[in-house]
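All chains are named by letter (A, B, ...) in the order of the sequence lines, taking the proteins before the strands, and each is independently numbered beginning at 1. Every heavy atom of this structure was used, including side-chain atoms; hydrogens, water molecules and symmetry mates were not.
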Amino acid sequence: MSAVNVAVIGAGRMAQVMSQVLLAGGGRVSVFSRRGMVRKALKEQLKKVHIVDSVEEACHHAHVVVLAVPAPDMPEAAASYAPFAQPDHIVIHACRGVAAGLVLPHQAIRNQTCVRKIVALGGPLYAEKLAKDRPMVAVAASRFADANERVRKLVEGTPVRLHGVSDVVGVEIAGAISNVSALAVGMSDALQLGDTARGVLLTRGLSEATRLGVRMGAELATFSGLAGVGDLIPRTVSSTKRHHDVGAQLSDGKTLAEALKSVTGSVEGVVTAQEVAAKTEKMGLRLPLVQGIAGILSGRLHVQQTLEDLLRLDLELEKESLAAGR
Amino acid sequence: MRQEDQERILTELQSRILHRITAQAAAKGPPLEEVLADSIYHELRRLKDEADGRAHREAGAFWAEARKALPRGNERAIQSLLARAIDRYSREIAGYFDERVYRTVTRAGEPVLAMLLGATSPKRLAANFPSMPQLSDNLVVQGETEHLRRLHEVGTVLLVPTHVSHMDSVITGYVVWKLGLPPFLYGAGLNLFSNPLLGYFMRNLGAYTVDRKKADPLYKEVLKEYATLTLENGYDNIFFPGGTRSRSGAVEKRLKYGLMGTGIPAYINNLKQKKNKSKVFIVPATLSYQLVLEAETLMDDFLKEVGKSRYIITDDEFSRPRRVFEFAQQVFSLDSKIFFTLGRGMDPFGNPVDDHGESLDPHGRHIDASRYVLVDGEPRELPQRDAEYTREVGERVMDAYARDNVVQATNITARAILTLLRKQNPGMDLVRLIRAGGRSEDMELLAVYREVETIMRQLRGMADRGGIRLSPTTQRGGADEIVAEGLRHFAIYHTTPAVSRRGDRVFPTDRSLLFYYQNRLEGYRLEREDALRPALSADHRALGRGAA
């Protein structure tokens with residue numbers, strides 16, 4: 001078979017790394033970024049990829065399209081791609097968040113385009129590690145087994161090993177809520193609440209992700225797999241994540257705007273916490289961690305008090321709510 | 001189906017399935033003798049449980065012979081036995097359609113078609129002819145009628161209606177005729193053919209036979225292939241994707257994708273053969289009744305414990321001509337309307353199509369749907385992929401059902417009364433409340449009016465946003481008019497009225513019927529304001545699963 005044509009839309013860190021991996025897998029990669037300056041910089045960095053001037057040009061003859069944008073921007077990115085989308089395209093994203101109205105990334109893509117074969121990457125997929133060529137394992141979630149297979153083949157011969165699963169909703173929610181947990185852990189670490197607190201917060205985050213996920217149609221097993229638990233373990237080790245930093249700064253008394261300004265790249269967990277909290281309150285679903293973090297982000301709640309409340313909460317709650325949520 | 005097409009289709013069907021199972025056997029699938037052994041096992045087991053008869057004896061002889069031949073048959077003999085088995089199945093399914101009969105029936109027009117509703121004997125028909133209920137006065141066909149005609153011109157249509165009653169097939173057939181379209185083929189349960197007159201007309205109005213008692217996988221494959229082939233050959237079809245009549249009365253929330261998925265292989269085969277009219281369209285239709293002929297039997301079945309429900313009901317109201325006739329006469333005497341709402345068509349991948357049958361993306365731009373089925377540039381079937389496409393279609397179909405469901409006065413009256421009953425008996429399990437009744441039963445008429453007003457506020461808002469449809473009374477009438485119409489209907493036809501009124505008080509008399517009629521409003525989250533859990537899912541999720 002001839003080389004696979006890949007279009008990458010967006011030019012953040014994830015887009016760059018994905019371009020490199022797909023290139024290494026033998027794909028012909030075209031990248032489009034909205035900002036002209038970024039396009040120029042990219043042209044110098046990535047010699048072998050085609051940096052193009054429009055979405056249309058990127059998608060011309062494409063087989064696979066990577067929408068490498070943060071989750072809140074997904075509806076807009078999908079809409080700009082929609083006129084050039086084709087029914088046989090495979091669309092990949094690696095979002096870890098949701099868009100306004102608790103719209104999951106694959107839903108945003110589906111709502112805007114004719115594409116059905118959507119692949120969500122999840123699990124411990126960290127751009128930093130990818131860039132360093134270390135072997136790494138991640139999850140590729142798609143309802144379409146042939147799409148998963150195609151993407152798996154695309155990264156053959158690279159350090160990336162993909163496990164195909166079918167639970168798109170579960171993988172997306174696990175990734176989104178883990179960013180909210182990272183915010184909480186960042187706050188807790190800055191307040192020096194200790195490792196136990198961190199463990200409780202991460203467990204609670206996963207449990208809330210599970211409840212929300214199951215309510216939205218995800219499979220329970222996803223959350224104890226690579227995209228759920230598997231994603232939390234490396235994250236607790238590396239404490240350099242943007243979300244962690246933003247959380248820590250909020251604990252130190254900075255405003256959200258100040259904290260966000262100090263990190264480069266998107267902090268999807270902020271929008272995610274707020275959107276999930278707003279929607280689940282309407283649904284009558286109790287997610288104390290997500291709702292608490294949302295309260296802190298909006299300035300309604302005090303950091304230390306909220307975390308202490310969270311740590312005191314009865315853990316039995318998870319069991320009951322899981323039963324009710326199903 | 002035209003006779004010349006029939007023979008061609010049956011030959012093609014046999015060769016396709018034989019080819020498929022031989023190819024599967026070669027690719028480490030089940031060997032041919034295993035496929036045959038499976039058929040023999042399922043068929044002999046079915047025949048053991050079934051009543052004796054000519055067809056029964058003949059089938060028994062065939063399968064007994066096959067069993068005898070199996071152990072010492074060479075591959076050729078086994079192949080020939082399989083070919084005969086496929087032929088038996090496909091001939092039973094296809095039956096015989098006589099175009100002359102169809103022309104006679106349709107030329108005679110409404111009285112004869114209306115009689116089909118009654119499914120009565122000619123004698124009874126003659127005796128009652130002057131007062132024969134006229135279906136056309138009581139049936140409102142609305143929605144995308146012109147769109148359906150257009151789609152029929154440019155491709156093949158798969159009409160997928162909601163299903164609560166056996167009357168659905170008759171009414172759907174009538175609507176097709178009324179729109180001036182040639183008859184659509186549809187699968188009808190074998191038991192419905194047992195009424196000789198009805199069976200005769202059904203066959204000749206396009207019905208083919210589905211025997212749900214046949215558990216043989218080969219039979220199911222033949223059935224699916226038959227449906228695929230008819231679509232490929234340009235015969236429009238009707239499938240009820242709910243699989244069976246809704247037991248709870250609720251709009252379908254779970255569909256069976258087997259037959260609905262045949263649109264994709266039919267389309268792919270057409271693409272391979274480069275046919276001009278290659279497209280297949282799925283068109284949802286939603287039927288809404290004030291009263292349902294079989295409500296009592298269906299609800300009774302629903303309320304049985306998990307696992308005990310009868311998937312196939314052979315002895316219900318539809319098989320009793322007198323009940324059907326009473327139903328038609330009484331319901332139509334109240335100027336009761338049956339709504340038949342046609343939705344927009346879609347391609348087999350869940351995209352809407354325009355009047356020319358062109359697939360559209362969410363922004364209304366044309367897309368080339370054939371690219372959904374390409375594998376390395378060629379159209380090809382991929383079972384897992386195609387099942388996903390069909391699931392997507394199913395979701396769009398269910399959206400259409402929810403939007404096009406026409407709320408009638410009986411639904412609202414039943415819901416209001418049942419809600420009050422639940423509020424009057426707090427903490428009481430719904431199943432117990434329905435079976436045994438509550439501590440406090442009757443209620444003030446005025447309280448019912450207030451409850452109806454609350455429901456109507458929500459429903460009218462929802463209808464304005466296009467989320468549901470309302471009948472003329474429920475759209476414009478006051479609470480008193482809606483309740484009056486509801487009570488008028490509940491007073492007739494059913495053995496025990498669901499509810500009766502004495503002075504200014506209302507007495508629920510058949511709570512399970514109230515439950516049945518209110519279930520049409522399930523899934524719209526109306527209970528949010530009452531702080532009650534949804535009636536159907538609160539206590540009946542498990543039951544519903546058993547009756548799915």
>> Looking at A:Gln112, is its backbone amide N or carbonyl O close enough to the side chain of B:His363 to form a donor-acceptor pair, meaning the two atoms are under 3.5 Å apart?
In response: yes

Take atom [atom1] in [X]; do more than 12 heavy atoms of anything else shown fall under 6.0 Å from it?
X        : atom1 : result
A:Lys153 : NZ    : no
A:Glu76  : CD    : no
B:Arg460 : CZ    : yes
B:Asp464 : CG    : yes
B:Glu378 : CD    : no

> Can you name the salt bridge (Lys or Arg N to Asp or Glu O under 4.0 Å) partners of B:Glu388, sequence neighbours left out?
Replying inline: A:Arg143, B:Arg391

>> Under 4.5 Å from any heavy atom of chain A, what part of B:Arg385 do you find: side chain, backbone, both or neither?
In response: both

> Closest heavy-atom contact between B:Tyr389 and A:Lys117?
Replying inline: OH-CE, 3.7 Å

> Which pair of heavy atoms, one from A:Ala82 and one from B:Arg365, lies closest together, and at what distance?
Replying inline: CB-NH2, 3.2 Å

> Looking at residues at least two apart in the chain, or sitting in another chain, which of them share a side chain to side chain donor-acceptor pair (under 3.5 Å) with B:Asp347?
Replying inline: B:Asn351, B:Ser359

>> Which residues pass the side chain to side chain donor-acceptor pair (under 3.5 Å) test with B:Ser278, not counting sequence neighbours?
In response: none

> Passes side-chain contact (heavy atoms from CB on, under 4.5 Å), B:Tyr372 versus A:Cys114? Steps please.
Replying inline: CA-CA 10 Å; B:Tyr372 281 110; A:Cys114 65; 3.5 Å; yes

> Who in residues 84-92 of chain A is close to chain B, using a strict under-4.5 Å heavy-atom cut-off?
Replying inline: A:Gln86, A:Pro87, A:Asp88

